[in-house]
Amino acid sequence: MAALSSTGAVVEIADAAPRVSKSPSPWVRGPVWDGFWILSALWLAPIILWLAHGYSNPESSPLDLLYFGLTALFWIGHRLSSTYLAYCTEAYRPLLRAQPIRFVVLPLLVTAACFAVFLPADSALPWTREERLIGLAIVDYAWVTYHFASQHFGALSLYRARSERGSCVHTRRLDRFFAVTVGGVLVLVADILAGTVAYQDEWIDRWPFAAWIVSAQNGIRSGAIFVLFIATAVMLFAEARAARWSLPRVLYVVGIAVMVGLALRPRSLFLFLVIWTSQHWILATGLGSQTPSAEVAPRHGIVRNVFHKLNVRPWAVVLFLMMLSVVLLPLFEVEANWETGTYYGDRIFGVIATQLRTSSWVPALVALGFATGFIHYLLDRNVYRMSDPQVRAAARGLVGNTSKISRTECLSS
């Protein structure tokens, strides 16, 4: 999910005007905006439990309708949000010229590699398309699990910087430990116990101790819940002892704990899938809409001016990403390759979506899906790499003046 400014600069600002400088708000934009976009787990959890209440199979409950709406509006939009920031904003245009390897060369290489993997026929390479799909799906699963954990670390880091504790190395390490352990390792444990890891039978079930995991799953689940409780308690205790504690950080930690707690419940992993993915999508969309809001107007270019008028209005960016998400849903569901379950694109586009999954375009669409996913992971890291002064300047619509008071990485999603 590094330094925001030099140590000397931090000391100089803190010593020069401790009483004149106004402390920044602990919120990114305010309790209402943050509550919806960043702290969404807190309102998603009760809604999800309410909609699934009384149904033996949550996937047949009204919760499925909610997930359909959230998927249609946020899934693809969130995936393209970092790409939009990199290539469609004036804020990040200087970075394309200054860092072409990160922002241009690597994304092009990833795209070319994905198409090179999937376009050749079964006999053209040593592995069939199905075997190639399984291999990349496993890589994607591992990467996306780390990606989710990194986003949680980034959100905690953003609030840490806004509470003027960005230079606290101990808190930063605690944030990373919590994000990786709870948001990464425990989620992997829950997926393994539920048998929902991508192509689990192709790799995890072949581990020497796989049989033991199945026989001891109740004990493993109890141990994971205990770890979740202790890790959450440590985070909240450390926050309570801080000289400048942060309510948003407390709420975000509680939100992660609630989500992972749902994952470790044996009833249904669908509840966790809905809240875990939806929270990630909503957070990414919210941050993406706010990040370029302080960019300067371009001097020329009709298209650039149109995008600029969009970028300085966060609500307009959100609507644009939502429209992209709906329109592109059937294209990217081809790559999803559900073994069971519903293709939500069918509910909107009907036979068009169905025909896409059986057309000759399937290899290209699968390659496109994996390429955009991998590029999303790369560009998310690049556009929120707050150790870079140029990135901080580009993202000042999101970080505001926190770069003046903090020397710790603010986002690392």
Side-chain angles (χ1 to χ4, degrees), residues 1 4-5 22-40 73-74 77-98 103 151 154-155 157-163 166 248 252 280-325 376 379-406 409-413:
M1 144 141 55
L4 278 178
S5 60
K22 182 181 178 180
S23 297
S25 169
W27 307 93
V28 174
R29 284 194 61 181
V32 175
W33 189 91
D34 288 34
F36 180 83
W37 294 105
I38 302 182
L39 305 171
S40 57
L73 293 174
F74 293 108
H78 112 275
R79 179 182 290 194
L80 300 178
S81 61
S82 53
T83 303
Y84 179 85
L85 290 176
Y87 306 126
C88 300
T89 66
E90 293 301 309
Y92 282 86
R93 183 169 291 272
L95 284 159
L96 298 182
R97 296 189 295 267
F103 285 90
Q151 189 193 64
S157 298
L158 177 58
Y159 283 134
R160 185 177 67 248
R162 288 193 168 271
S163 63
Y252 197 87
H280 178 81
W281 301 338
I282 292 171
L283 174 54
T285 303
L287 296 183
S289 69
Q290 183 66 25
T291 299
S293 59
E295 71 175 24
V296 297
R299 295 182 179 179
H300 53 78
I302 296 176
V303 175
R304 290 172 61 180
N305 272 285
V306 170
F307 276 119
H308 171 68
K309 291 179 180 179
L310 203 70
N311 296 335
V312 295
R313 297 171 175 84
W315 62 267
V317 176
V318 168
L319 289 179
F320 179 72
L321 292 175
M322 284 181 172
M323 288 189 295
L324 278 180
S325 190
H376 169 57
L379 288 182
D380 251 28
R381 177 67 182 111
N382 294 340
V383 300
Y384 295 122
R385 195 169 61 95
M386 298 303 170
S387 59
D388 187 333
Q390 286 184 299
V391 174
R392 295 200 302 271
R396 64 180 179 274
L398 175 65
V399 301
N401 292 325
T402 55
S403 59
K404 297 180 181 178
I405 59 174
S406 170
E409 184 177 37
C410 189
L411 282 176
S412 180
S413 43

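Position 1 is the first residue of the sequence, and the numbers go up from there.
- Rounding to the nearest 0.5 angstrom, the gap separating the NE2 atom in His376 from the CZ atom in Arg381 is 14.0 Å.
- A donor-acceptor pair is defined here as one N or O able to donate and one able to accept, closer than 3.5 Å; such a pair exists between the side chain of Arg396 and the backbone of Ala294.
- Residues Gln290 and Gly397 share a closest heavy-atom pair of NE2-O, 3.0 Å.
- Within the 4.5 Å cutoff, the side chain of Tyr252 has heavy atoms near those of the Leu283 side chain.
- Side-chain contact between Arg29 and Pro314 is present, with heavy atoms from C-beta onward closer than 4.5 Å.
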Exercise for review: In sequence, state the C-alpha distance, the side-chain angles, and the governing distance for Arg79 and Trp281, and then conclude on side chain to side chain contact (heavy atoms under 4.5 Å, CB included).
Suggested key: CA-CA 8 Å; Arg79 179 182 290 194; Trp281 301 338; over 6 Å; no
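- Annotation: ring pair (Phe, Tyr, Trp, His ring centres under 6.0 Å) contacts of Tyr92 (sequence neighbours excluded): none.
- A donor-acceptor distance shorter than 3.5 angstrom exists from the side chain of Asn311 to the backbone of Cys88, with no hydrogens or angles considered.
- Taking Phe36 as the reference, Trp43 meet the ring pair (Phe, Tyr, Trp, His ring centres under 6.0 Å) condition, with sequence neighbours excluded.
- Phe320 is linked by a ring pair (Phe, Tyr, Trp, His ring centres under 6.0 Å) to Tyr84, counting only residues two or more places apart in sequence or in another chain.
- When atom types are taken as modelled, the side chain of Tyr87 and the backbone of Phe103 share a donor-acceptor pair closer than 3.5 angstrom.
- Residue pairs satisfying the salt bridge (charged side-chain N to carboxylate O under 4.0 Å, His left out) criterion with at least one member in residues 295-323, sequence neighbours excluded, are listed as follows: Glu90-Arg304.
- Minimum heavy-atom separation, Tyr159 to Asp34: OH-OD2, 2.7 Å.
- Once rounded to the nearest 0.5 Å, the distance linking CG of Leu310 with CG of Asn305 reads 12.5 Å.
- Minimum heavy-atom separation, Ser81 to Ala284: OG-O, 4.1 Å.
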Exercise for review: May I have the step-by-step check of side chain to side chain contact (heavy atoms under 4.5 Å, CB included) for Leu73 and Ser325, ending in yes or no?
Suggested key: CA-CA 6 Å; Leu73 293 174; Ser325 190; 5.6 Å; no
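- Under the side-chain hydrogen bond (donor to acceptor under 3.5 Å, both in side chains) criterion, Arg93 pairs with no residue at all, not counting sequence neighbours.
- Within the 4.5 Å cutoff, no side-chain heavy atoms of Leu287 are placed close to those of Trp37.
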Exercise for review: Apply side chain to side chain contact (heavy atoms under 4.5 Å, CB included) to the pair Met386 and Val399, showing each step before the final yes or no.
Suggested key: CA-CA 9 Å; Met386 298 303 170; Val399 301; 4.0 Å; yes
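- Partners of His308 by ring pair (Phe, Tyr, Trp, His ring centres under 6.0 Å), not counting sequence neighbours: none found.
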Point to revise | Derivation of the side chain to side chain contact (heavy atoms under 4.5 Å, CB included) call for Arg162 and Trp27 | key: CA-CA 7 Å; Arg162 288 193 168 271; Trp27 307 93; over 6 Å; no
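- Taking every heavy atom of both residues into account, Gly288 and Val317 meet most closely at O-CG1, 4.3 Å.
- In terms of heavy-atom proximity, Val383 sits nearest to Leu85 at CG2-CD1, 4.2 Å.
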